[in-house]
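Structure first, then comments.
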Amino acid sequence: MKWHEGVLKKIFIPLAVGLTVIVAFTRMYLGQHYLTDVIVGAGLGVALAVLIGFAFDLLKDKEEWLIVLAPLCLIAAVVLTVSGAEGIENVMTVLGGYTAVTAGYFIEKKFIRYNVKSDRWWKQLIKIVVGLATVLVLKECLKFAFPSEQYILYNYLRYFIVGIWGVAGCPLLFKLARL
């Protein structure tokens, strides 16, 4: 086992689990969710993580082919929009983000092929700052272009654009800039 695998198991995983539990309790404390919401959310999260892990193991080095799920997300978003279901803003956000991540990952792996490792620490720092800043600015600016109060599918579009930029646009920018 390499040293970073040990760090992952001993520090990162317990930290991630601890933060997840704290967030769950704060959501209930602040009255945003009931205990049943938190339990169902945790169960769905664990189930989804197991399914995605299984899919990655099954696909091996062809994991970009999970893009086949992207059209299902788009179809679900359209059906939910047409149905006029109440309170689906967060669902649209997740569907838009997931569609973008699967499509962006496919595009990045097949066409951009960006090597994330840099020879200098300051290049990594620039990528982190520029990547986070552009994603956050894009997310906030798109609120004006796609106000979710006007049309519920706008949540899907906004998070699709933000996601595709984060997963494929930033790597392309960094590759062109030789970072």
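The structure presented is a predicted model; accordingly, all values stated were derived computationally and were not measured.
- If you take OG1 on Thr26 and CG on Leu19, they are separated by 10.0 Å, rounding to the nearest 0.5 Å.
- For residues 68-115, the set of pairs meeting the ring pair (Phe, Tyr, Trp, His ring centres under 6.0 Å) definition, not counting sequence neighbours, comprises Trp65-Phe106.
- Thr99 and Tyr156 are linked by a side-chain donor-acceptor pair at a separation below 3.5 angstrom, with hydrogens and angles left out of the test.
- Contact between Val38 and Ala24 at its shortest, heavy atoms only, is CG1-CB, 3.4 Å.
- Note: the hydrophobic cluster containing Val135 also contains Leu138 (ILVMFWY, side chain heavy atoms under 4.5 Å, direct or indirect links).
- Connection of Val79 to Val94 is not established within any shared hydrophobic cluster, with ILVMFWY side chains joined at heavy-atom distances below 4.5 Å, either directly or through further cluster members.
- Shortest non-hydrogen contact noted between Tyr154 and Pro147 is CD1-O, 3.2 Å.
- Met92 and Ile75 are assigned to two separate hydrophobic clusters, defined by single-linkage of ILVMFWY side chains at heavy-atom distances under 4.5 Å.
- For the atom pair CG of Leu125 and OG of Ser118, the computed distance is 10.5 Å after rounding to the nearest 0.5 Å.
- In terms of hydrophobic clustering, with Ile, Leu, Val, Met, Phe, Trp and Tyr side chains grouped at heavy-atom distances under 4.5 Å, Val23 and Leu48 are assigned to different clusters.
- Among residue pairs with one or both ends in residues 154-179, none qualify as salt bridge (charged side-chain N to carboxylate O under 4.0 Å, His left out); sequence neighbours excluded.
- Ile128 and Leu172 end up in different hydrophobic clusters when Ile, Leu, Val, Met, Phe, Trp and Tyr side chains are linked at under 4.5 Å.
- Annotation: the span from Phe146 atom CZ to Ile161 atom CD1 amounts to 4.0 Å, rounded to 0.5 Å.
- Taking all atoms of both residues into account, the shortest heavy-atom contact from Gly104 to Ala168 is O-CB, 3.8 Å.
- The structure places CG of Leu95 at 10.5 Å from CG of Leu72, a figure rounded to the nearest 0.5 Å.
- A 4.5 Å side-chain heavy-atom check between Val130 and Phe174 finds at least one atom pair inside the cut-off.
- Residue Cys170 comes nearest to Gly131 through the heavy atom pair SG-CA, 3.9 Å, listed as atom of the first residue, atom of the second, then distance.
- When every heavy atom of Arg113 is checked against every heavy atom of Lys110, the shortest pair comes out as NH2-O, 2.7 Å.
- In this structure a side-chain-to-backbone donor-acceptor pair under 3.5 Å is present from Lys127 to Val116.
- One distance of note links CG of Leu44 with CD1 of Ile39; it measures 12.0 Å at 0.5 Å rounding.
- In this structure, CD1 in Ile112 is found 10.5 Å from CG in Leu173, a value given to the nearest 0.5 Å.
- Test Ile107, Val101, Val162 against Val167 for side-chain contact (heavy atoms from CB on, under 4.5 Å) and you get one pass: Val101.
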In a table with atom names and distances, give each donor-acceptor pair under 3.5 Å that connects a side chain of residues 27-36 to protein atoms at least two apart or in another chain.
none

